[in-house]
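Structure first, commentary second.
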Amino acid sequence: QVQLVESGGGLVQAGGSLRLSCAASRRTFSLYTMGWFRQAPGKEREFVGGIRWSGGSAYYSDSVKGRFTISRDNAKNTVYLEMNSLKPEDTAVYYCAARSGRAVSTDSDAYDYWGQGTQVTVSS
């Protein structure tokens with residue numbers, strides 16, 4: 001089992017920035033590929049981005065590419081989502097997720113463990 005706890009959400013004005021953190025409970029965190037998803041009211045959960053177990057390049061959805069950055073610190077069992085130039089349409093509950101596969105997947109069903117989510121609200 002891997003427990004994931006997100007933090008860092010909040011209310012920010014359009015154009016602002018936030019950094020989300022996702023802390024994992026397990027020492028074998030470095031073996032998991034991590035993803036970030038979000039879900040806005042009335043909408044399906046969507047892929048935001050992900051990073052492989054080994055780190056390196058991250059992958060992003062087109063809607064956030066160039067504005068969001070994912071990184072991980074395996075020594076701290078933590079993955080980060082740095083969000084810049086935020087827009088009102090970025091408002092959602094953001095979730096981190098872990099999967100034992102090596103590749104980043106855009107499919108939420110491919111992930112084995114999920115955090116409880118953290119609310120991000122961007123005001124116009």
Side-chain angles (χ1 to χ4, degrees):
Q1 278 283 10
V2 178
Q3 292 184 324
L4 303 172
V5 179
E6 300 99 336
S7 61
L11 173 64
V12 64
Q13 288 189 332
S17 299
L18 281 175
R19 188 175 83 154
L20 306 184
S21 299
C22 172
S25 63
R26 197 160 177 178
R27 292 182 184 178
T28 53
F29 168 76
S30 62
L31 300 180
Y32 290 86
T33 288
M34 302 298 295
W36 284 96
F37 289 78
R38 66 186 181 186
Q39 187 166 20
K43 295 187 176 182
E44 293 187 354
R45 190 169 297 188
E46 67 168 339
F47 174 78
V48 173
I51 188 167
R52 295 182 63 182
W53 65 278
S54 57
S57 297
Y59 301 86
Y60 304 94
S61 67
D62 289 342
S63 61
V64 307
K65 197 175 297 182
R67 300 187 297 123
F68 290 12
T69 302
I70 296 172
S71 61
R72 67 188 295 163
D73 186 340
N74 287 343
K76 295 183 178 180
N77 290 353
T78 302
V79 63
Y80 304 97
L81 177 65
E82 184 79 34
M83 305 185 293
N84 298 311
S85 302
L86 282 162
K87 305 174 182 180
E89 52 263 44
D90 294 319
T91 295
V93 177
Y94 283 71
Y95 300 89
C96 67
R99 66 184 302 256
S100 56
R102 297 287 179 101
V104 172
S105 175
T106 62
D107 183 356
S108 60
D109 289 339
Y111 291 81
D112 305 303
Y113 305 102
W114 290 83
Q116 82 288 351
T118 185
Q119 176 71 46
V120 171
T121 303
V122 184
S123 63
S124 57

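Keep in mind that the numbers below use all heavy atoms, side chains included, and drop hydrogens, waters and symmetry copies. Here the structure is a predicted model, which is why all the values come from computation and not from measurement.
Taking CZ of Arg19 as the reference point, atom CG of Asn84 lies at 11.5 Å (rounded to 0.5 Å). Expressed to the nearest 0.5 Å, how far CZ of Arg45 lies from CG of Asp109 amounts to 10.0 Å. With rounding to the nearest 0.5 Å, the separation of OG1 in Thr69 from CZ in Arg67 is 11.0 Å.
Of the possible donor and acceptor atoms, none in the side chain of Thr121 sits under 3.5 Å from a partner among the backbone N and O of Thr91. Formation of a donor-acceptor pair under 3.5 Å by the Tyr60 side chain with backbone atoms of Ile70 is found in this model. Under the 3.5 Å distance criterion, the side-chain polar atoms of Thr33 are matched with a main-chain donor or acceptor of Trp53.
Between Asp62 and Lys65, at least one side-chain nitrogen of the basic residue sits less than 4.0 Å from a carboxylate oxygen of the acidic one, meeting the salt-bridge criterion.
Tracing side-chain contacts under 4.5 Å through hydrophobic residues (I, L, V, M, F, W, Y), one reaches Val93 starting from Phe47; they form part of the same cluster. Clustering ILVMFWY residues whenever any of their side-chain heavy atoms sit less than 4.5 angstrom apart, transitively, puts Leu81 in a cluster other than the one holding Val104. Cluster membership for Val79 and Tyr113, using ILVMFWY side-chain heavy atoms within less than 4.5 angstrom, is shared.
Under a cut-off of 6.0 angstrom, the local environment of CD in Glu89 is crowded, with over 12 non-hydrogen atoms contributed by other residues, nucleotides or ligands.
Here the shortest heavy-atom pairing between Ser21 and Thr78 reads CB-CG2, 4.2 Å. Nearest approach of Ile51 to Ser71, heavy atoms of both residues: CD1-CA, 4.0 Å. Residues Val2 and Ala24 come closest through the heavy atom pair CG1-CB, 4.2 Å. For the pair Met34 and Cys22, the tightest heavy-atom approach, listed with the atom from each and the gap, is CE-SG, 4.2 Å. Here the closest non-hydrogen pair linking Ser124 and Pro88 is CB-CG, 3.9 Å. In terms of heavy atoms, Met83 sits closest to Leu20 at CE-CG, 3.8 Å.
Asp73 is listed as a side-chain neighbour of Tyr80, based on a closest heavy-atom distance under 4.5 Å. Two residues are said to be in side-chain contact when any heavy atoms from C-beta on lie closer than 4.5 Å; Arg52 and Arg102 meet this criterion. With contacts defined as side-chain heavy-atom distances shorter than 4.5 Å, the pair Asn74/Arg72 qualifies. Contact annotation: the side chain of Leu4 never approaches that of Tyr95 to less than 4.5 Å [non-hydrogen atoms, C-beta and beyond]. In this structure the side chain of Leu86 reaches within 4.5 angstrom of the side chain of Phe68, judged on heavy atoms. Residues Glu6 and Tyr94 fail the side-chain proximity criterion, which asks for heavy atoms closer than 4.5 Å.
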Check against side-chain contact (heavy atoms from CB on, under 4.5 Å), Thr106 and Tyr59: CA-CA 9 Å; Thr106 62; Tyr59 301 86; over 6 Å; no
One pair to check against side-chain contact (heavy atoms from CB on, under 4.5 Å): Glu46 and Arg38. What are the steps and the verdict? CA-CA 5 Å; Glu46 67 168 339; Arg38 66 186 181 186; 2.6 Å; yes
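In this structure, a donor-acceptor pair under 3.5 Å is absent between the side chains of Arg99 and Tyr111.
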